[in-house]
Amino acid sequence: MSSLQSDHYPRAVNVDLQTDATLQVDISDALSERDKVKFTVHTKSTLPNFKQNEFSVVRQHEEFIWLHDSFVENEDYAGYIIPPAPPRPDFDASREKLQKLGEGEGSMTKEEFTKMKQELEAEYLAIFKKTVAMHEVFLCRVAAHPVLRKDLNFHVFLEYNQDLSVRGKNKKEKLEDFFKNVVKSADGVLVAGVKDVDDFFEHEKTFLLEYHNRVKDASAKSDRMIRSHKNAADDINRIASSLYSLGTQDSTDVCKYEHTHKIEARVAADEDLKLADLLKYYLRESQAAKDLLYRRSRSLVDYENANKALDKARAKNRDVLQAETSQQLCCHKFEKISESAKQELIDFKTRRVAAFRKNLVELAELELKHAKVKGLVTVRSR
Amino acid sequence: MADTARDPPPESTDFQELEDGEDLFPEPAATQESGPASLPAEDISTNSNGPKQDSLFDDDPEDLFAEATEEVSLDSPERDVLLSDGPSPAITPITPPTSVITPRIGLAHDDMFTHSSFDEIEEEEGGDSFDIHIAVSDPEKVGDGMNAYMAYKVTTKTSLSLFKTDEFSVKRRFSDFLGLHSKLASKYLHIGYIVPPAPEKSIVGMTKVKVGKEDQSSNEFVEKRRSALERYLMRTVKHPILLKDPDVLQFLESSELPRAVSTQALSSAGLLRMVNKAADAVNKMTIKMNESDAWFEEKQQHFENLDVQLRKLHASVESLVCHRKELSVNTAQFAKSAAMLGNSEDHTALSRALSQLAEVEEKIDQLHQDQANADFYLFSELLGDYVRLITAVKGVFDHRMKTWQKWQDSQLLLQKKREAEAKLQFTNKPDKLQQAKDEIKEEIEELEGKVQQGERDFEQISKTIRKEVSRFEKERVKDFKTIIIKYLESLVQTQQQLIKYWEAFLPEAKAIS
């Protein structure tokens with residue numbers, strides 16, 4: 001239905017990634033079909049791993065999810081914050097509205113219809129741009145991560161120009177996932193109870209828990225606020241067209257009034273972009289950070305359990321070697337996770353602060369710009 | 001105002017006398033006299049009008065009549081008025097000696113204003129600068145329980161000599177307003193004047209106030225009603241004819257007003273009104289009028305369209321008000337949430353910035369609230385008023401149709417009687433013939449009079465409607481322009497505030513390191 005060039009859409013969330021020449025990934029094009037979106041992933045790299053220096057492949061959402069899951073399931077990456085998976089492209093609401101518009105075509109005037117159609121198409125386009133940006137951010141985060149970028153699956157994802165034939169999870173697998181999550185959250189509660197020796201991690205744990213909850217709340221409230229704003233903007237549009245048909249004023253007045261509407265809609269859209277998306281992204285990131293901490297705590301518990309098992313084995317003088325090796329493994333795993341986790345969490349904070357700063361500044365600037373234009377427009381229309 | 005002491009019978013018989021006789025007022029000068037003293041003794045009919053009119057007005061007749069070129073007297077109580085089909089109040093136009101008086105004076109109740117008198121009013125309008133301002137304020141709860149009501153203070157400030165003083169105020173309750181409207185409607189609607197409709201009753205709203213709930217919604221309700229009453233009175237007095245109506249003057253000036261009982265929602269009069277309305281609706285469907293005047297057809301179509309558009313616009317504005325209120329609530333909630341987030345953030349600069357954001361959003365929420373109120377009070381209420389006004393306009397057009405119908409009916413009847421007369425010529429019962437012939441002749445004369453009257457009424461109402469419609473349109477355009485300008489001004493203010501807030505926030509955001 002529609003296609004996009006990369007330089008036209010703004011990045012929803014800037015995660016301040018260092019783009020170095022060794023590996024640069026972006027989504028250069030996207031095509032929206034009936035019920036799926038096809039992303040053209042474009043890679044430029046000087047790494048020897050790849051056959052060429054520059055190449056593109058076409059990927060779908062499910063393949064992104066496959067890649068993400070492969071990271072999560074990889075034990076070696078237990079010590080890293082896995083970049084959160086991009087959300088599924090959701091055009092249902094927009095498509096429904098377009099359909100309703102088509103059905104109601106007979107009941108409104110031609111101008112109204114074309115106007116509403118334009119608006120819905122703009123909305124569709126905005127959602128489209130957003131989902132492309134989300135997918136791109138995911139890939140860029142992976143590419144920027146010193147360890148993850150070397151992952152084999154990632155290279156396959158980037159280079160293999162055939163369909164990865166990754167099917168979406170069927171019902172059975174989804175059910176398995178659901179149970180896995182239940183177990184994990186129960187476990188998480190248990191593990192969280194374990195007091196950490198390390199102050200840094202203890203502090204991070206409490207902080208992240210609280211932060212995650214508040215970000216969730218803020219994200220939900222900002223969504224609601226923006227929705228109200230969009231509703232109000234829609235109303236203003238309808239009023240403008242009614243005024244126009246009333247014709248008590250000359251058409252210039254009404255055109256200006258319509259302008260205020262368009263601006264209101266833009267304000268709502270920009271707020272959406274800068275504020276809501278930021279919060280949503282950090283909701284997911286903070287969840288990923290929490291997951292990291294959980295994994296670390298889990299490995300700590302395992303380490304402590306292995307210690308206990310070793311003591312028991314030594315006391316019974318049975319399977320001591322086995323217990324020793326397992327204990328050493330756990331210890332090694334735990335230390336490895338702790339080390340990388342510390343760095344990851346510090347990076348997380350830096351990224352977070354930078355992203356918030358950028359988005360808040362841009363939000364304020366956009367709001368100012370719109371308010372000034374609106375004021376000008378209304379002054380002129382008097 | 002509905003003084004039962006003034007019995008309708010004496011008045012109507014007076015007029016009957018005049019109607020039957022071919023002569024009109026013997027002395028045209030008689031009707032021009034302003035004070036009771038100057039009425040000639042021999043003219044009993046006018047005399048009966050004089051003293052009666054005197055006692056109706058508390059103030060000095062001299063003053064009143066000096067200004068007015070016509071006067072109105074109310075003779076029948078409200079109840080009768082509601083029951084009767086046509087109007088019963090009589091109007092005696094007082095015209096200066098120079099203008100022609102003749103045919104319409106002394107004729108039956110239907111004929112109210114004449115061409116010349118209306119013209120005179122317009123002339124006077126030009127000379128007298130329209131200077132009257134009415135304020136409705138200080139709603140006060142009087143009484144307790146289900147018998148409680150809100151009393152409003154109606155203050156009039158004016159320089160018109162129509163009134164005794166420059167500034168005065170009275171206490172009125174809602175049913176008084178409704179009473180005024182129904183009196184005016186019964187007097188003027190059927191002859192083509194667009195009487196502004198009164199604010200609507202609201203049983204739910206009033207019950208809440210009576211019960212004594214002192215909360216946001218009942219305060220809003222009272223404020224809504226107060227503002228609607230003010231607009232209603234201003235619109236009524238802006239109408240040059242209605243301004244001079246004694247009911248209006250009494251309403252504005254006299255400290256005591258008899259209770260208008262038939263305005264109660266569940267009274268017998270209320271039920272009767274509903275029945276009448278239903279009957280009217282049926283009638284409208286059955287009357288097929290040959291519209292000879294394209295102007296009327298065009299105007300009727302125009303008002304139909306306007307009605308539809310205004311209703312749509314009104315619905316959109318109400319929806320906007322609702323959404324803005326929602327937006328303000330949601331913004332407040334988001335502000336709180338952002339403050340919490342700022343609290344838990346451990347990077348100090350970011351934390352401060354988030355708290356600032358929360359504050360900004362809180363202020364914005366207040367702005368949205370104010371904007372919603374502006375939307376509502378300026379825009380939405382005005383549209384509601386106009387939707388109701390258009391209904392009144394359509395009613396006036398319907399009355400014209402009814403007048404036409406009446407005229408046609410009398411014509412038909414006349415036709416029949418003439419045929420009967422002709423038939424009589426050919427019967428061979430000579431003894432009864434003469435008597436029957438005389439009877440028929442009388443009836444025919446009567447009917448001829450009625451037909452002429454009907455035609456005149458129809459022309460009169462058509463003329464009145466033309467003037468009223470053009471006045472209405474002028475007012476409407478003026479009203480809308482004023483409101484739109486006010487609304488846009490409020491928008492500009494909001495934007496300026498927004499700019500201030502975001503400009504304050506920007507450096508904080510930039511300070512995050």
Side-chain angles (χ1 to χ4, degrees), chain A residues 203 207 210-211 213-215 217-222 224-239 241-243 245-246 248-249 253 256-257 260 275 279 349 352-354 356-357 359-368 370-379 381-382, chain B residues 306 309-310 312-313 315-317 319-324 326-331 333-338 340-347 349-350 353-354 357 360-361 368 379 476-477 480-481 484-485 488-489 491-492 494-499 501-503 505-506 508-513:
Chain A
H203 165 78
F207 163 73
E210 195 187 57
Y211 187 79
N213 287 336
R214 295 207 175 153
V215 162
D217 187 51
S219 174
K221 301 264 166 68
S222 79
R224 271 223 297 261
M225 178 175 81
I226 287 166
R227 218 182 5 245
S228 302
H229 213 147
K230 284 209 180 112
N231 283 341
D234 282 342
D235 283 333
I236 295 184
N237 183 35
R238 249 175 274 139
I239 291 175
S241 50
S242 299
L243 278 178
S245 52
L246 252 187
T248 40
Q249 303 94 313
D253 274 357
K256 302 298 163 83
Y257 193 61
T260 39
L275 199 54
L279 291 171
K349 181 159 166 181
R352 186 176 77 239
V353 170
F356 266 81
R357 179 184 190 282
N359 279 325
L360 286 179
V361 167
E362 284 178 0
L363 175 69
E365 285 174 347
L366 277 173
E367 293 265 7
L368 269 177
H370 289 320
K372 287 195 177 131
V373 173
K374 253 196 280 186
L376 222 65
V377 159
T378 39
V379 162
S381 67
R382 272 192 283 148
Chain B
L306 199 59
Q309 284 167 349
L310 280 182
K312 208 160 71 149
L313 187 56
S316 301
V317 174
S319 156
L320 175 62
V321 169
C322 182
H323 284 142
R324 264 220 222 269
E326 213 179 89
L327 177 59
S328 124
V329 164
N330 286 343
T331 312
Q333 283 186 336
F334 173 71
K336 282 203 201 97
S337 182
M340 297 274 281
L341 189 62
N343 274 344
S344 63
E345 175 65 63
D346 54 0
H347 187 275
L350 181 55
L354 282 173
L357 180 67
V360 166
E361 292 287 346
H368 281 309
F379 228 155
R476 176 172 76 85
V477 173
F480 271 76
K481 272 221 161 83
I484 301 269
I485 289 180
L488 289 177
E489 274 175 4
L491 273 184
V492 169
T494 314
Q495 295 323 310
Q496 286 176 339
Q497 285 291 81
L498 268 180
I499 291 176
Y501 296 150
W502 285 109
E503 271 177 353
F505 173 72
L506 192 54
E508 284 287 332
K510 287 200 173 140
I512 307 173
S513 61

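Residue numbers start from 1 in every chain, and the chains themselves are labelled A, B, ... in the order their sequence lines are given, proteins ahead of strands.
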Asker: Quick one, B/Phe505 and A/Leu360 - any side-chain contact, counting heavy atoms below 4.5 Å?
Answerer: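 Contact flag for B/Phe505/A/Leu360 side chains = yes.
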Asker: What residue, out of A/Ala218, A/Ser228, A/Ser219, has the most heavy-atom pairs lying under 4.5 Å from chain B?
Answerer: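 Top count of heavy-atom pairs under 4.5 Å with chain B: A/Ser228.
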Asker: Under a 4.5 Å heavy-atom cut-off, does chain B meet the side chain of A/Tyr211, its backbone, both or neither?
Answerer: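 Backbone plus side chain of A/Tyr211, per the 4.5 Å heavy-atom cut-off to chain B.
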Asker: So does B/Asn330 get a backbone contact from the side chain of A/Arg224, meaning a donor-acceptor N/O pair under 3.5 Å?
Answerer: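 Not at all, since once roles are kept as given, no pair shorter than 3.5 Å links the two residues.
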Asker: Would you call the rings of A/Phe207 and A/His203 parallel, tilted or perpendicular, taking 30° and 60° as the class edges?
Answerer: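 Ring orientation, 0 to 90° scale: parallel.
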Asker: Do you know which of B/Glu361, B/Glu508, B/His323 has the most heavy-atom pairs with chain A at a distance under 4.5 angstrom?
Answerer: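 That would be B/His323.
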Asker: So for B/Ile499, is it side chain, backbone, both, or neither that comes closer than 4.5 Å to the heavy atoms of chain A?
Answerer: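 For B/Ile499, backbone and side chain are both near chain A.
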Asker: Could you tell me which portion of B/Leu506 (side chain, backbone, both or neither) has an atom closer than 4.5 angstrom to a non-hydrogen atom of chain A?
Answerer: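 Backbone plus side chain of B/Leu506, per the 4.5 Å heavy-atom cut-off to chain A.
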Asker: Restricting to side chain to side chain donor-acceptor pair (under 3.5 Å), what partner residues turn up for B/Ser328, sequence neighbours left out?
Answerer: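 If we apply the side chain to side chain donor-acceptor pair (under 3.5 Å) test to B/Ser328, skipping adjacent residues, the hits are B/Asp365.
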Asker: Could you tell me whether the side chain of B/Thr494 reaches within less than 4.5 Å of the side chain of B/Gln497, counting heavy atoms only?
Answerer: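 The answer is no, as the side chains (C-beta and beyond) never meet within the 4.5 Å cut-off.
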